[in-house]
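Since this is a predicted model, take the numbers as computed values, not measurements. Just so it is clear, the values below take in all heavy atoms, side chains as well, and ignore hydrogens, waters and symmetry mates.
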Number of protein chains: 2
Amino acid sequence: MNTPTPPRPATLHDVAEAAGVSLITASRALGNPSIVSEKTRERVRQAVEATGYIPNLLAGGLKSRRSRMVAGVVPALSVSQFLPTVQSLTATLAQEGYQLLLGQTFYDEQREEEVLNAMIGRQPDGIVMMGLVQSGKARERLRRTGIPVVETWDFSDRPLDMVVGFSHLKVGSALAGYFLSRGLQRVGMATGSDHRAQQRREGFLAAWGREVPTVTVSAPGSLELGRQALGQLLAQQPDLQAVVCSSDMLAHGILVEAQARGLRVPVDLAVSGFGNADFAAHLLPSLTTVHVDGPGIGRLAAELVLARCKGHSAGRSAFDLGFELIERDSTRRA
Amino acid sequence: MNTPTPPRPATLHDVAEAAGVSLITASRALGNPSIVSEKTRERVRQAVEATGYIPNLLAGGLKSRRSRMVAGVVPALSVSQFLPTVQSLTATLAQEGYQLLLGQTFYDEQREEEVLNAMIGRQPDGIVMMGLVQSGKARERLRRTGIPVVETWDFSDRPLDMVVGFSHLKVGSALAGYFLSRGLQRVGMATGSDHRAQQRREGFLAAWGREVPTVTVSAPGSLELGRQALGQLLAQQPDLQAVVCSSDMLAHGILVEAQARGLRVPVDLAVSGFGNADFAAHLLPSLTTVHVDGPGIGRLAAELVLARCKGHSAGRSAFDLGFELIERDSTRRA
DNA sequence: CTGTTAGCGCTTTCAA
DNA sequence: TTGAAAGCGCTAACAG
């Protein structure tokens, strides 16, 4: 064999030539094989093999107006809450030949606008946001592009386009109801600075009926910040009975700091988290938390975008997937 | 004002018309402003404003042969080890107007080939892999495309193209040296099934000089798997003195299970992790681990890709960023 | 400094 | 079932 490897990557033109068919026939053999004869299809297949052809999807997308890319935007990748969602989103899209373009806003409206503009310029077939789009300018711009947008991990009756999530206010009030039912009085909060954590706090206070000592930490929080938060809460209220946290990592920090201070959980102090991280069930004591179906959110978001791409304009556009309060040992009465 | 919003998004053509200049002048005013007169530049700027123009970067890339996208490939997004790297990679690229295309291999060669083909079809200006490219077929194909590739989080003297990482063998032997120097004899390992964790194990055994009881868990491990692993190790060797873990989460699980069993760390059992996760320093006891500069890896990988895009063909292509063993209380002699 | 011309690689018409 | 023509939106190359 003496096939000199072509210096530049093979194009569909090369494939057509090698197969002895026209360019468009080669295109159809690959993109719409059912309307091409068996024989031709096979010859094209061999030509692809021989040339090592990989289709340039950017070029195809220019004419067909589908990039087969979906933008996924997170506050920051390190916010572990969203990882299962982004993972299943990416995996579901990949199954259908779509790739994810990743963007980060760092909880900043300016950056949110920038990253969304950068995404729009790449003509994504859909955009999936973790959280609601904050910037009004960006909302307006997105609406005008007509690109399908799925906001997730939150809920709104008047979404930009589609929304898949749950009500953080309701999470907060569910937690308040739970702690009230346990007869706990002196509750404190360790809560992230982000919009969703603040919403849960509001929901909690509304149901609780009065203010509670609160330490706000920079989103999304960490074990270290949780440890510090307990110190600060105890300084404010030495006879604290419970701490409600906006993430499992913060709650974990509370558990560690409680142990360091010789406080027994839940006897001396009850603790709850949020997110049902995979470590929550296996801590000592196991952590009471709020479970959310992260992978389910990602899957549904992907399906909604894909459905739109195929022209099925779904009827419903707001999906409340709810949440579940999971009681474990960290709040269980002896 | 009575400017009817155009139903289809504005193109550069519309901008040029609105500004009263030719298409290419409008293009230059945006992409290479220094060679356009101040006056023209301003008129184009206003036309962009008026039309709400967002450049179609896919179309531009077709001709210029730069997509301004970089592919980033992880085993799975939930492998938290890589998150700081992907985060800084994405952020560094975004600063220069590049976006990240995300792919997942799920530790599977078949999927690795698929995801790399999907990426190549999108003409990325570079590819950053977390780990080495496993599939020989994919290595060959990547080499032929000529796309800059940076393999990370590992090291090789004969990389596919560029490599930014460190030697897992050396990490293993450093850990062995450390435990030997502590005079510990009966050591066990809890280790992930992935290639890098296995390499660290090999490095450890080579320096240790003999086999040790080992529990292998599915990569990347979790707190729960760590807890189970300690049970299994103790069943094999009841008088175990130390456990070397392939991740901080596994080590954390060992700590929790030790506490559940009434074993004191480090007095009864010494424990080490890997990765220096942000919780490691704040656990009780704080966790001895191996620190790796995750964000630094991402930043350097981005810079290498960007340098190649600008034509600077860097001399060096293998960067060993090393690692640092961080001794904390979980192995410290009383 | 500005414009004209010719594509990038592919897919959508339309016609055979 | 196959093909020819046209052009997606933009930029490189070469004039003026």
Side-chain angles (χ1 to χ4, degrees), chain A residues 6-44 47-48 51-69 97 120-125 145 309 311, chain B residues 6-44 47-48 51-69 97 120-125 145 309 311:
Chain A
R8 56 149 180 70
T11 70
L12 193 52
H13 182 95
D14 303 324
V15 173
E17 205 156 68
V21 298
S22 75
L23 185 80
I24 182 59
T25 300
S27 170
R28 286 198 273 247
L30 298 172
N32 199 356
S34 62
I35 66 164
V36 171
S37 77
E38 171 67 43
K39 206 178 60 183
T40 307
R41 213 185 303 157
E42 177 56 21
R43 276 166 57 196
V44 171
V48 166
T51 55
Y53 172 67
I54 300 182
N56 181 334
L57 300 174
L58 262 42
L62 191 58
K63 183 75 187 173
S64 68
R65 308 188 149 287
R66 359 199 86 277
S67 62
R68 297 186 157 265
M69 296 192 297
I120 293 171
R122 265 140 193 134
Q123 320 291 124
D125 293 342
T145 63
C309 292
Chain B
R8 56 150 181 68
T11 70
L12 193 54
H13 182 96
D14 303 324
V15 173
E17 204 157 68
V21 299
S22 76
L23 186 76
I24 184 63
T25 300
S27 170
R28 286 198 273 247
L30 298 172
N32 200 354
S34 63
I35 66 165
V36 171
S37 77
E38 171 67 42
K39 206 178 61 183
T40 308
R41 213 186 304 155
E42 177 55 21
R43 276 165 59 195
V44 171
V48 166
T51 54
Y53 172 67
I54 300 181
N56 181 334
L57 299 174
L58 262 43
L62 192 57
K63 183 72 187 174
S64 68
R65 309 187 149 285
R66 359 200 85 277
S67 62
R68 297 186 157 267
M69 296 191 299
I120 293 171
R122 264 137 194 137
Q123 318 292 125
D125 293 341
T145 63
C309 291

Visitor: Which pair of non-hydrogen atoms, one from B/A18 and one from B/A47, has the smallest distance, and what is that distance?
Guide: CB-CB, 3.9 Å
Visitor: Compare side-chain N and O positions of B/S22 against OP1 and OP2 of C/dT4 and report whether any pair is under 4.0 Å apart.
Guide: no
Visitor: Give me the atom names and distance for the closest heavy-atom approach of B/A26 to B/L12.
Guide: CB-CD1, 3.8 Å
Visitor: How long is the gap from CG on A/N56 to OG on B/S67, to the nearest 0.5 Å?
Guide: 9.5 Å
Visitor: Expressed as a whole number of angstroms, how long is the span from A/I24:CD1 to D/dT1:P?
Guide: 15 Å
Visitor: Which residues satisfy the side chain to side chain contact (heavy atoms under 4.5 Å, CB included) test with A/E17, sequence neighbours excluded?
Guide: A/H13
Visitor: Mind running side chain to side chain contact (heavy atoms under 4.5 Å, CB included) on A/V15 and A/V44 for me, showing each step along the way?
Guide: CA-CA 7 Å; A/V15 173; A/V44 171; 4.1 Å; yes
Visitor: For the side chain of A/L12, counting heavy atoms from C-beta on, which of D/dT2, C/dT11, C/dG3 is nearest?
Guide: C/dT11
Visitor: Do A/V21 and A/R28 have side chains that get closer than 4.5 Å, going by heavy atoms?
Guide: no
Visitor: What's the CG-C1' distance between B/L23 and C/dG7, to the nearest Å?
Guide: 14 Å
Visitor: If you define the side chain from C-beta out and look only at heavy atoms, does anything of B/P9 sit under 4.5 Å from B/T11?
Guide: no
Visitor: Which comes earlier along DNA chain C counting from the 5' end, the contact point of B/T25 or that of A/T11, where each point is its nearest nucleotide?
Guide: B/T25
Visitor: Can you see which heavy atom on B/V36 is nearest to which on B/A29, and at what distance?
Guide: CG2-N, 3.8 Å
Visitor: Please report the distance, rounded to the nearest Å, between CD1 in B/I35 and P in D/dT11.
Guide: 12 Å
Visitor: C/dT11 C1' sits how many Å from A/N32 CG, rounded?
Guide: 11 Å
Visitor: I need the CG-P distance between B/L30 and D/dT11, as an integer number of Å.
Guide: 8 Å
Visitor: Compare side-chain N and O positions of A/T40 against OP1 and OP2 of D/dT1 and report whether any pair is under 4.0 Å apart.
Guide: no
Visitor: So, are A/R41 and A/E38 salt-bridged, with charged N and O less than 4.0 Å apart?
Guide: yes
Visitor: Take the C1' atoms of the five end pairs on each side of the helix from C/dC1-D/dG16 to C/dA16-D/dT1, derive the two axes, and give their angle rounded to 10 degrees.
Guide: 30°
Visitor: Rounded to whole angstrom units, what separation is found between the CZ atom of B/R28 and the C1' atom of D/dA12?
Guide: 10 Å
Visitor: C/dC10 C1' sits how many Å from A/D14 CG, rounded?
Guide: 13 Å
Visitor: Provide, to the nearest angstrom, the distance between the CD atom belonging to B/E17 and the C1' atom belonging to D/dG9.
Guide: 15 Å
Visitor: Can you pull out the residues from residues 55-66 of chain B that lie within a 4.0 Å heavy-atom distance of DNA chain D?
Guide: B/P55, B/N56, B/A59, B/G60, B/L62, B/K63, B/S64
